[in-house]
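Along the sequence shown, residues are numbered consecutively beginning with 1. Both backbone and side-chain heavy atoms feed into the values below; hydrogens, waters and symmetry mates do not. Source: prediction; values computed, not measured.
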Amino acid sequence: MNVLKTGLLAGLLGATALSAQAADLRIALQSDADVLDPDQSRTFVGRIVYASMCDKLVDITPELELIPQLATGWEWSEDGKALTMTLREGVVFHDGTPFNAQAVADNIDRSQNLEESRRKSELKSVTGVDVVDDYTVRFNMAAPDATLLAQFADRSGMMVSPTAAKAAGADFGLNPVCSGPFKFKERVAQDRIALERFPDYWNADEIHFDSVTFLPIPDTTVRLANLQSGDIDMLERLAATDLAQAEGDGGINVERAVSLGYQGITINVNNGEKGDNPWGNDKRLRQALSYALDRDAINQVVFEGAFAPGNQPFPPTSPWYDADHPVPARDVEKAKALLAEAGFPDGIDLEVQVPNTTVPLQLMQVVQAMAAEAGIRIEITSKEFATLLADQSAGDYQASQIGWSGRVDPDGNIHQFMTTGGGINDSHYSDPKVDEMLNNARASTDFDVRKADYDAARDILAQDMPIVYLYHQTWIWALDDGLSGFTPYPDGMIRLEGVKLEK
């Protein structure tokens, strides 16, 4: 196996002196990001890049508490239909445009009305934005929305320059302009995304690098080899199979955080012509696939027990998990019976697209072997991740092995995937009762009320299964032992405030 990036990095960085290494932080990503526009993008690695480039209205702590970032404070109205935010003063975007209440209003308008925006469902509750004064903004809602603050801790809260966004339109991602610690420098698809320090950043004293370069390296073994050779300083999503090797290397530190998200197989049930097939039309086939799988064995074989088997958008450790629907035991005979009941006693074919990276391919090979014992013949189609997402959005797929990095509020793990017209409902699943329950859950801040709605939705979704959930992963980072100040977060992001490289 060739260490692909060694020569590239030598040419790219041009020097191996310690001072040069300290000036540029090099981070290996599992895949390349999609479009670098917070309104249009959807990849996990894209969010990692944004953490260095695009500040949000609010952020989270490692304990998942919401804290100020571009907003310094907020207050809900008594009826829960208005959220007033006080904004940080003295902030500018990378092009010099001032950050203020009007900029926030312009961002919300873009997220809601840009034709290509994927944030529409996340901000559906916002009916208007009032610019109270230069640094006070009020979000008005037709009904209370308990999820809004959590949305502002993610891409819906990422503020981009209104000047640049207006000029570029849908092409904003070619030269994104935000207000974070680093500004966009260049991008070479499938090769690198280079950012450079923004000297006018409001929290500049906490930033200790002149630049940060993100390098997509899909092969986990190659990522680790590059870290061991010194060609990168950090990698995200160390494979569980490489954990022992990394921990045994005295020059590497390993950090972990339990994720908020899930991995599964999304079935196309109604997204174009490819959704009009037995898998899309008959829930019994999807149930059969679920019964054919041994989730505990998958965790042991593929992840050496490091992850958690799952069957819902929330991990079993989450307070939102529905205990009435526990992770099912494997039942091959039940799977065969369901296939026969659906009219396929001799089995059935299923094409599953999968990212062209090591772990997803290993996962699907195990799934393929298990499913075959029940008569489900899986064909694995490997695709570059951004291509996989584009095909999934367009409905050009039958099934897709894909996951979600998770959100602080439970709504972020289910609403946009399961409601009619949801921003990331690539299955095009639709059920009026599920819509009602998930919308109701958004309108209350009472845990018990929300939990009852999510559980009621789960009763239906456990039967319909537009997504066959498989497991919940643990984020694992591997870092050069000269890096200090890194804090692992459950959202899997890499926050560089306070991080230093000392050799």
Rounded to the nearest 0.5 Å, how far does [atom2] of [Y] lie from [atom1] of [X]?
X: L66; Y: F152; atom1: CG; atom2: CZ; value: 11.5 Å
X: S121; Y: H415; atom1: OG; atom2: NE2; value: 7.0 Å
X: T381; Y: Q398; atom1: OG1; atom2: CD; value: 9.5 Å
X: S259; Y: H472; atom1: OG; atom2: NE2; value: 8.0 Å
X: M465; Y: I460; atom1: CE; atom2: CD1; value: 14.0 Å
X: R192; Y: D32; atom1: CZ; atom2: CG; value: 11.5 Å

Is there a side-chain contact between [X] and [Y], using heavy atoms and a 4.5 Å cut-off?
X: V354; Y: K383; result: no
X: L224; Y: V222; result: no
X: P488; Y: W477; result: yes
X: Q392; Y: Q353; result: yes
X: H325; Y: D459; result: yes
X: L83; Y: M141; result: yes
X: I67; Y: I60; result: no
X: R330; Y: L293; result: no

(message) Using 30° and 60° as the class boundaries, would you call the ring planes of F44 and W475 parallel, tilted or perpendicular?
(response)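 The rings of F44 and W475 lie parallel, inter-plane angle below 30°.
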
(request) Please state whether the rings of Y454 and W320 are parallel, tilted or perpendicular, taking 30° and 60° as the class boundaries. (result)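 Perpendicular.
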
(message) Is the distance from the ring center of F307 to that of Y262 below 6.0 Å?
(response)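 No, ring centres 6.0 Å or more apart.
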
(request) Could you please spell out the steps behind the side chain to side chain donor-acceptor pair (under 3.5 Å) verdict for N140 and T127? (result) CA-CA 6 Å; N140 301 308; T127 57; 5.7 Å; no

(request) Applying side-chain contact (heavy atoms from CB on, under 4.5 Å), run through V352 and I380 and close with a yes or a no. (result) CA-CA 5 Å; V352 182; I380 300 174; 5.6 Å; no

(request) Check the pair E247 / R256 against salt bridge (Lys or Arg N to Asp or Glu O under 4.0 Å), numbers first and verdict last. (result) CA-CA 12 Å; E247 290 182 325; R256 298 178 179 85; 2.5 Å; yes

What are the two closest heavy atoms between [X] and [Y], and how far apart are they?
X: V35; Y: G173; result: CG2-CA, 3.9 Å
X: G403; Y: Q263; result: N-OE1, 3.4 Å
X: E304; Y: A240; result: OE1-O, 3.9 Å
X: V177; Y: F172; result: N-CZ, 3.1 Å
X: L438; Y: M418; result: CD1-CB, 3.9 Å

(request) Go through Y429 and N271 one step at a time and tell me if the side-chain contact (heavy atoms from CB on, under 4.5 Å) criterion holds. (result) CA-CA 8 Å; Y429 172 78; N271 189 352; over 6 Å; no

Is it the case that the side chain of [X] and the backbone of [Y] share a donor-acceptor pair, with hydrogens and angles ignored and the cut-off at 3.5 Å?
X: S318; Y: F314; result: no
X: K334; Y: A292; result: no
X: D349; Y: I376; result: no
X: R286; Y: W279; result: yes
X: Q112; Y: L123; result: yes
X: R442; Y: S125; result: no
X: E351; Y: Y397; result: no
X: S77; Y: A82; result: yes
X: N277; Y: K274; result: yes
X: Q312; Y: D322; result: yes

(message) Consider salt bridge (charged side-chain N to carboxylate O under 4.0 Å, His left out). Of K120, R110, R119, which one does D39 pass it with?
(response)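 Of the listed options, the one satisfying the test is R110.
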
Under-4.0 Å salt bridge between [X] and [Y]:
X: D431; Y: K433; result: no
X: R223; Y: D242; result: no
X: K451; Y: D455; result: yes
X: K336; Y: D346; result: no
X: R407; Y: D154; result: yes

(message) For a salt bridge (Lys or Arg N to Asp or Glu O under 4.0 Å) check, start with the C-alpha distance between D59 and R495, then their side-chain angles and the critical distance, and finish with the verdict.
(response) CA-CA 11 Å; D59 201 3; R495 293 165 172 82; 2.9 Å; yes

(request) Evaluate side chain to side chain donor-acceptor pair (under 3.5 Å) for N311 paired with Y321, printing each intermediate quantity in order. (result) CA-CA 10 Å; N311 68 321; Y321 186 81; 2.7 Å; yes

Can [X] and [Y] be counted as having a side-chain donor-acceptor contact under 3.5 angstrom?
X: T43; Y: D34; result: yes
X: T387; Y: E384; result: yes
X: D145; Y: T147; result: yes

(message) R47 vs D491, test: side-chain contact (heavy atoms from CB on, under 4.5 Å). Steps then yes/no.
(response) CA-CA 10 Å; R47 291 176 62 220; D491 64 359; 4.3 Å; yes

(message) Does N268 form a side chain to side chain donor-acceptor pair (under 3.5 Å) with D426? I'd like the steps, not just the answer.
(response) CA-CA 7 Å; N268 184 350; D426 293 334; over 6 Å; no

(request) Apply the side chain to side chain contact (heavy atoms under 4.5 Å, CB included) test between I402 and each candidate in I424, I467, L389; give the one that qualifies. (result)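 Result: among I424, I467, L389, L389 is the only option passing the side chain to side chain contact (heavy atoms under 4.5 Å, CB included) with I402.
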
(request) Could you check Q416 against N425 for side-chain contact (heavy atoms from CB on, under 4.5 Å), going step by step and ending with a plain yes or no? (result) CA-CA 6 Å; Q416 55 194 334; N425 184 357; over 6 Å; no

(request) Please say whether more than 12 non-hydrogen atoms of neighbouring residues, nucleotides or ligands are located less than 6.0 Å from OH in Y291. (result)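 12 or below, so no.
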
(message) Testing S117, S156, S111 one by one against E122 for a side chain to side chain donor-acceptor pair (under 3.5 Å), which residue passes?
(response)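 It is S156, the one option of S117, S156, S111 that forms the side chain to side chain donor-acceptor pair (under 3.5 Å) with E122.
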
(message) Pair R237, T357 - check side chain to side chain donor-acceptor pair (under 3.5 Å), show working.
(response) CA-CA 11 Å; R237 278 178 288 179; T357 53; over 6 Å; no

